[in-house]
Number of protein chains: 2
Amino acid sequence: MLSNACKYAIRALIYLATRMNDGVKVSIRELSAEIDSPEPFTAKIMQSLSKQEIISSVKGPHGGFYIDEKQAEIRLIEIVKAIDGTQVLTGCGLGLKNCSETHPCPIHSEFSAIRDGFSHLLNEKTIQELAIELIAGHSKVKN
Amino acid sequence: MLSNACKYAIRALIYLATRMNDGVKVSIRELSAEIDSPEPFTAKIMQSLSKQEIISSVKGPHGGFYIDEKQAEIRLIEIVKAIDGTQVLTGCGLGLKNCSETHPCPIHSEFSAIRDGFSHLLNEKTIQELAIELIAGHSKVKN
DNA sequence: AGAATAAAAGACATGTTTATCTTAATTTAT
DNA sequence: ATAAATTAAGATAAACATGTCTTTTATTCT
């Protein structure tokens with residue numbers, strides 16, 4: 001469904017949101033340990049998100065990644081778009097390029113419902129509300 | 001969601017089912033033209049399905065691929081399992097290896113519903129019933 | 001100012017999926 | 001029997017995703 005890169009990104013952002021108000025930046029080492037992901041690969045992903053201003057970063061001693069209050073309000077769908085693009089949200093279930101109501105693949109309507117349900121889920125959830133659940137101990141972002 | 005290989009496989013099987021009773025085998029050339037897929041790659045996929053006895057084949061002149069009545073009754077989920085495995089049907093939405101009710105990722109229950117809906121769709125549809133819709137002109141397996 | 005720290009950037013490596021090509025094996029028709 | 005047609009099998013290649021390493025740049029602390 002989502003690429004590994006995108007899964008790491010979502011887990012990372014939710015974790016960063018839990019640390020939003022402690023005034024401390026999170027180093028890539030700590031971050032990848034907290035979400036159980038390969039460190040240099042996670043760094044790449046974070047750089048991309050930082051360039052797209054989905055997260056913030058500062059270099060140097062006591063530097064690291066963090067998100068501000070505005071950034072905590074973004075929804076999962078924005079992260080997915082930033083990393084994986086929109087194919088997963090709009091593509092045909094059987095790979096037809098021009099699948100549509102008037103030119104449907106054999107599972108067009110049923111698959112559209114599933115895919116739209118997924119889009120809806122991504123569109124509903126903000127990073128912040130998922131972080132609150134994580135802080136409360138009701139969910140996990142690492143194995 | 002599904003790999004390209006799996007999408008080609010499903011389209012190919014539905015097409016083969018539409019040709020089930022005309023007593024003629026379908027060559028890989030004709031098949032890949034009918035479903036708009038790369039010929040040698042499709043051949044590989046068909047070989048794998050043939051070895052797993054999901055489809056049948058005969059070599060030589062007037063040979064090709066076909067499915068019998070029993071094979072037309074299989075459900076999409078069997079094709080998915082044969083090509084892509086079960087990860088798409090059971091895996092965690094955020095990639096946690098041991099995500100579960102008692103150790104849930106932040107979107108565990110919502111994602112499970114989506115994934116189970118997809119499994120249900122794959123489990124409902126037989127090749128044969130999708131072929132009937134294709135014959136009737138109500139759906140397409142090529143662009 | 002200089003040293004230490006940490007992200008940014010880009011090169012490099014590995015693995016998987018997708019795709020192609022070549023040769024072999026099998027079957028049918030002449 | 002021989003030739004033609006067609007799948008089977010395996011080697012090769014290209015593209016993409018994933019993962020690692022090294023160098024550069026920016027910041028902070030002493």
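Naming: A, B, ... by sequence-line order, numbering from 1 per chain. Since this is a predicted model, take the numbers as computed values, not measurements.
- If you check residues 65-74 of chain A against DNA chain C, the residues with a heavy atom closer than 4.0 Å are A:Phe65, listed by number.
- Partners of A:Ser48 by side chain to side chain contact (heavy atoms under 4.5 Å, CB included), not counting sequence neighbours, listed by chain and number: A:Gln52.
- Residues from residues 10-33 of chain A that place a heavy atom under 4.0 Å from any atom of DNA chain C, listed by number: A:Val26, A:Ser27, A:Ile28.
- Protein chain A touches strand DNA chain D; the 5'-most and 3'-most nucleotides with an atom under 4.0 angstrom of its non-hydrogen atoms are D:dT18 to D:dC29.
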Nucleic acid footprint by protein, nucleotides 19-30 of chain C - heavy-atom cut-off 4.0 Å, B for base, S for sugar-phosphate alone: BB-----BBBS-
Distance-only criterion, 3.5 Å: show the donor-acceptor pairs between side-chain atoms of residues 106-113 of chain B and protein atoms not counting sequence neighbours.
residue  : atom : partner  : partner atom : Å
B:His108 : NE2  : B:Glu101 : OE2          : 3.4
B:Glu110 : OE2  : A:Lys125 : NZ           : 2.9
B:Ser112 : OG   : B:His108 : O            : 2.7

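- Between the side chain of A:Asn143 and the main chain of B:Lys97, a donor-acceptor pair closer than 3.5 Å is present.
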Could you list the donor-acceptor pairs under 3.5 angstrom formed between side-chain atoms of residues 78-88 of chain B and any protein atom two or more places apart in sequence or on another chain?
residue : atom : partner : partner atom : Å
B:Asp84 : OD1  : B:Ser3  : OG           : 2.5
B:Asp84 : OD2  : B:Ser3  : N            : 3.0
B:Asp84 : OD2  : B:Ser3  : OG           : 3.3

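- Pairs engaging residues 44-102 of chain B under the ring-ring contact (aromatic ring centres under 6.0 Å, His included) rule: none recorded [sequence neighbours left out].
- Both A:Asp84 and B:Met46 sit near DNA chain D, but only B:Met46 has its closest nucleotide nearer the 5' end.
- Take A:Glu129 and apply the side chain to side chain donor-acceptor pair (under 3.5 Å) test, not counting sequence neighbours, and it matches A:Thr126.
- A sub-4.0 Å separation between OP1 or OP2 of C:dA7 and a side-chain N or O of A:Ser50 is absent.
- With sequence neighbours excluded, the residues that form a side chain to side chain contact (heavy atoms under 4.5 Å, CB included) with B:Gln71 are B:Ser56, B:Ile67, B:Asp68.
- A donor atom on one side chain and an acceptor atom on the other are not found under 3.5 Å apart for A:Ser32 and A:Ser37.
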Distance-only donor-acceptor hits, side chain of residues 7-18 of chain A, under 3.5 Å, sequence neighbours excluded:
residue : atom : partner  : partner atom : Å
A:Arg11 : NE   : A:Val141 : O            : 3.2
A:Arg11 : NH1  : B:Leu94  : O            : 2.9
A:Arg11 : NH2  : A:Ile35  : O            : 2.4
A:Arg11 : NH2  : A:Asp36  : O            : 3.4
A:Tyr15 : OH   : A:Arg19  : NH1          : 2.8
A:Thr18 : OG1  : A:Tyr15  : O            : 2.5

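- Shown here are the side chain to side chain contact (heavy atoms under 4.5 Å, CB included) partners of B:Glu124, two or more places apart in sequence or in another chain: B:His120.
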